[in-house]
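Ligands are counted one by one from 1 in listed order, and the atoms in each one are counted from 1 as well. The model shown is predicted, which means the values in this text are computed figures rather than measured ones. What you see below is based on every heavy atom in this structure, not just the backbone, and it leaves out hydrogens, waters and symmetry mates.
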Amino acid sequence: MNAVPDVSPAGTAGSSLAALNAWVAEVAALTRPDAIHWCDGSDAENAALVAGMEADGTLIRLNHETHPGSWLHRSDPNDVARVEHLTFVCTPERDDAGPNNHWMSPADAHAKIDALFDGCMQGRTMYVIPYCMGPIDSPLSRCGVEITDSPYVVANMRIMTRMGAPALARIEREGRFVKGLHSTGELDPERRFIMHFPEELTIKSYGSGYGGNALLGKKCHALRIASHQARNEGWLAEHMLILGVTNPRGETHYIAAAFPSACGKTNLAMLIPPEGYRKDGWKISTIGDDICWMRPGKDGRLYAINPEAGFFGVAPGTSRKSNPSALASIQSNTIFTNVGVTADNQPWWEGLGEGEPAIDWRGEPYDAGKRPAAHPNARFTVSARQCPSWSPEAENPEGVPISAIVFGGRRPSLVPLVFEARDWTHGVLVGAAMGSETTAAATGAVGVMRRDPMAMKPFCGYNFADYFAHWLSFDDGSNRLPKIFHVNWFRKGDGGDFLWPGFGDNLRVLEWMIGRVKGEAGAVETPIGNLPTAGDLNLDGLELTGEAREKLFGFEREGWKAEFDSIGEYLDSYGPRMPRALKDEQQRIARA
Ligand code: GDP
Ligand code: PGA
Ligand code: MN
């Protein structure tokens with residue numbers, strides 16, 4: 001059956017859904033699906049999709065006594081992470097995409113990928129997924145529609161976004177939405193592209209079923225397309241978690257933090273306070289773990305929403321000890337991708353710290369000598385509401401006011417535990433100069449240092465030079481903007497061990513930041529910013545070696561000289577488009 005079925009159960013001709021219906025018809029004519037399904041987001045719809053995926057092996061039933069409603073998906077072994085070298089930003093002018101992006105002209109890109117989409121859904125069902133990024137009634141939220149031939153994508157989008165009827169109603173009201181077209185295709189890495197057309201508010205993704213490549217609401221829409229929209233409309237779309245820190249006096253401060261993929265966003269967002277802090281009444285509440293949309297409110301402060309509704313978190317390393325909230329979140333109604341399983345069919349991964357693997361992520365008997373049980377980038381997809389620290393403020397249409405912005409990465413050497421930027425411009429430079437070791441979240445080598453400004457290297461939908469200028473433009477002199485900090489949880493000693501305990505103990509650093517925001521905590525000035533001394537931070541109950549104290553709280557003048565030369569070269573590599581103010585700031589510090 002290749003005739004295109006009726007494509008317009010949504011709205012009537014002439015309604016503001018006419019554009020959507022026309023696009024769906026156009027896509028159906030190109031991809032030639034057997035059937036078209038408009039997703040309403042209902043439980044019944046999800047149950048039917050899951051049953052179909054169980055029947056065809058896309059989903060494997062986990063132990064529903066221990067993990068009710070949870071499923072395992074084994075991806076193609078060649079399709080386990082984002083593919084940055086196959087991800088393109090297709091602006092009419094190459095310079096608008098910038099050296100930070102792979103570029104193709106829109107005409108070439110459409111031609112190349114449409115040839116792959118031609119007839120690709122024959123024998124498959126095409127799903128139309130209306131979704132809203134952000135609380136359904138928030139002025140900061142934006143809608144999109146993803147067309148996909150993957151029921152696994154539908155099931156994940158249902159968890160990660162507000163999907164279905166309410167989103168469609170908002171699209172009908174607003175008449176605008178981001179168009180995302182996705183097919184898993186043949187899963188052939190040679191026939192795989194993730195293309196973005198910011199001017200057309202369009203995404204086309206072919207040949208991958210992996211989260212960041214296929215759940216188009218996430219990195220493709222909420223970061224690459226949204227960063228472009230945000231620039232035009234005066235807001236910020238950032239790769240940041242958002243958490244609330246409530247102190248014993250009952251005051252809550254919200255903090256947004258940008259770390260590269262697999263550098264601790266999910267963990268920080270769900271932090272469990274150390275024993276002493278808990279006794280004193282400190283509390284953490286989770287708004288988001290990956291993406292943050294912010295805009296100035298009437299009072300000049302930045303207000304933030306989490307555009308997502310779920311977590312797509314890294315499983316390996318998640319344990320009762322390291323992240324009890326994440327582990328509690330994923331006891332039910334969770335989709336696991338590329339984890340191992342125990343003999344009694346419970347999900348298992350390296351660092352879980354309990355149980356034994358029997359089958360690895362490829363579905364073969366576990367053999368420690370052959371491969372890990374879970375792929376290092378194995379993931380869980382779960383509704384944010386299942387997190388014990390989930391904050392109802394995540395549904396606040398106005399967003400939450402941000403007191404501090406934090407940048408950070410994996411820096412085994414040089415970079416101290418924390419420092420504070422002197423002002424907004426310096427803070428933008430701190431973000432622009434961020435570096436981190438690469439991780440398993442993207443294909444390619446792991447553990448290689450690269451510049452990853454504001455953790456947006458893979459996600460900024462336009463030229464970084466223009467992006468930094470956009471950031472700088474928020475400084476209106478009112479001093480109501482968040483303070484900016486840099487952290488490094490990953491500093492190593494000469495022995496190769498992490499010097500900072502991290503995880504729950506990171507609250508000690510957040511406490512210092514809030515103290516700085518309120519003008520209560522001490523610091524020493526250095527060329528790179530304001531550093532706490534070991535005495536300015538609450539280190540009660542920690543046993544830090546002399547080496548740890550020196551490296552976590554010290555300023556290494558010689559090393560930083562070299563670092564600032566390298567930052568200067570990096571800024572220069574963007575040519576005259578790089579904002580003068582940022583170069584001036586770099587020069588001032590380099591000469592200090
Ligand atoms: P995300 O992808 O940025 O959300 O990163 P995750 O929170 O999932 O963490 C990625 C990896 O970093 C996991 O293996 C964590 O165990 C590890 N990690 C997270 N926070 C810390 C920390 O404070 N210290 C150390 N040493 N490792 C951490
Ligand atoms: P993350 O993103 O690695 O920042 O958690 C997941 C993804 O690749 O989509
Ligand atoms: Mn994460």
Side-chain angles (χ1 to χ4, degrees), residues 79-84 87 153 156 160 194 205 208-224 238-241 243 257-272 274 286 288-292 306 308 310-319 321-327 329-330 337 349-353 374 376-382 384 387 406 408-412 417-418 436-443 446 452 455-459 487-493 496-510 552:
D79 185 34
V80 293
R82 282 181 291 102
V83 282
E84 295 180 5
T87 300
V153 165
N156 278 273
M160 295 305 296
I194 325 295
S205 165
S208 168
Y210 173 74
N213 302 329
L215 311 178
L216 301 185
K218 196 173 179 44
K219 306 294 190 179
C220 300
H221 176 166
L223 288 175
R224 297 194 194 94
E238 301 301 325
H239 188 201
M240 294 178 178
L241 67 95
L243 57 64
F259 308 151
S261 296
C263 291
K265 290 184 300 301
T266 302
N267 273 273
L268 188 65
M270 300 175 189
L271 179 152
I272 304 276
T286 307
D289 83 326
D290 197 45
I291 302 180
C292 165
N306 169 17
E308 300 192 284
F311 305 129
F312 181 63
V314 181
T318 307
S319 71
K321 207 161 157 270
S322 71
N323 192 342
S325 287
L327 206 69
S329 309
I330 58 181
T337 301
W349 49 82
E350 279 65 25
L352 175 62
N377 194 36
R379 297 277 173 159
F380 53 78
T381 317
V382 69
C387 181
V406 182
R410 288 182 185 261
R411 297 297 301 253
L417 178 64
V418 57
S436 193
E437 287 185 333
T438 52
T439 67
T443 55
V446 168
D452 190 350
M456 285 287 277
K457 167 72 185 71
F459 305 120
V487 299
N488 180 21
W489 312 143
F490 300 94
R491 185 71 189 264
K492 287 183 176 168
D497 293 337
F498 291 121
L499 294 175
W500 177 248
F503 301 101
D505 287 307
N506 293 334
L507 181 54
R508 299 168 189 274
V509 177
L510 302 183
L552 293 170

Would Cys263 count as a polar contact of ligand 1, with the cut-off being nitrogen or oxygen pairs under 3.5 Å? yes

For atom 15 (C) of ligand 1, which protein heavy atom lies nearest, and how many Å away is it? Asn267 ND2, 3.7 Å

If you have a sec, work out which protein heavy atom is nearest atom 1 (P) of ligand 2 and how many Å separate them, to one decimal? Ser261 OG, 3.4 Å

Can any side-chain N or O of Asp452 pair as donor or acceptor with the backbone N or O of Met456 at less than 3.5 Å? yes

Mind checking the CG-NZ spacing from Asn213 to Lys219? Nearest 0.5 Å is all I need. 11.0 Å

So which protein heavy atom does atom 12 (O) of ligand 1 come closest to, and at what separation? Arg410 NH2, 3.2 Å

Please say whether Thr266 places an N or O atom under 3.5 Å from an N or O atom belonging to ligand 1. yes

Phe259 six-ring centre to Lys265 NZ/CZ under 6.0 Å and within 45° of normal: no

Atom 8 (O) of ligand 2: the protein heavy-atom neighbour that sits closest, reported with distance to 0.1 Å: Arg82 NE, 2.7 Å

Report, in ascending order of atom number, the atoms of ligand 2 lying under 4.0 Å from any heavy atom of Lys219. 1 (P), 2 (O), 4 (O), 6 (C), 7 (C), 9 (O)

Checking the N or O distance criterion of under 3.5 Å, is ligand 1 in contact with Ala262? yes

Checking a contact table here: which protein heavy atom is nearest atom 5 (O) of ligand 2, and how many Å away? Arg379 NH1, 2.8 Å

In the protein, which heavy atom is nearest to atom 5 (O) of ligand 1, and how far is it? Gly264 N, 2.8 Å

At under 4.0 Å between heavy atoms, is it the side chain or the backbone of Asp290 that contacts ligand 2, or both, or neither? side chain

At less than 4.0 angstrom from any non-hydrogen atom of Lys265, what atoms of ligand 2 do you find? 4 (O)

At distances under 2.8 Å, what protein N, O or S atoms surround the Mn ion (ligand 3)? Thr266 OG1

Ligand 1 N/O within reach of Phe503 N/O, cut-off under 3.5 Å: yes

Any idea which protein heavy atom is nearest atom 14 (O) of ligand 1, and the distance to it? Pro316 O, 3.8 Å

Suppose I only count heavy atoms of Asn506 and a 4.0 Å limit; which atoms of ligand 1 are within that range? 23 (O)

Hey, looking at atom 27 (N) of ligand 1, which of Phe498, Trp489, Phe490 has the closest heavy atom? Phe490

Does Ala269 offer a backbone N or O that forms a donor-acceptor pair with the side chain of Asp289 under 3.5 Å? no

Is it true that the side chains of Asn156 and Thr381 contain a donor and an acceptor less than 3.5 Å apart? yes

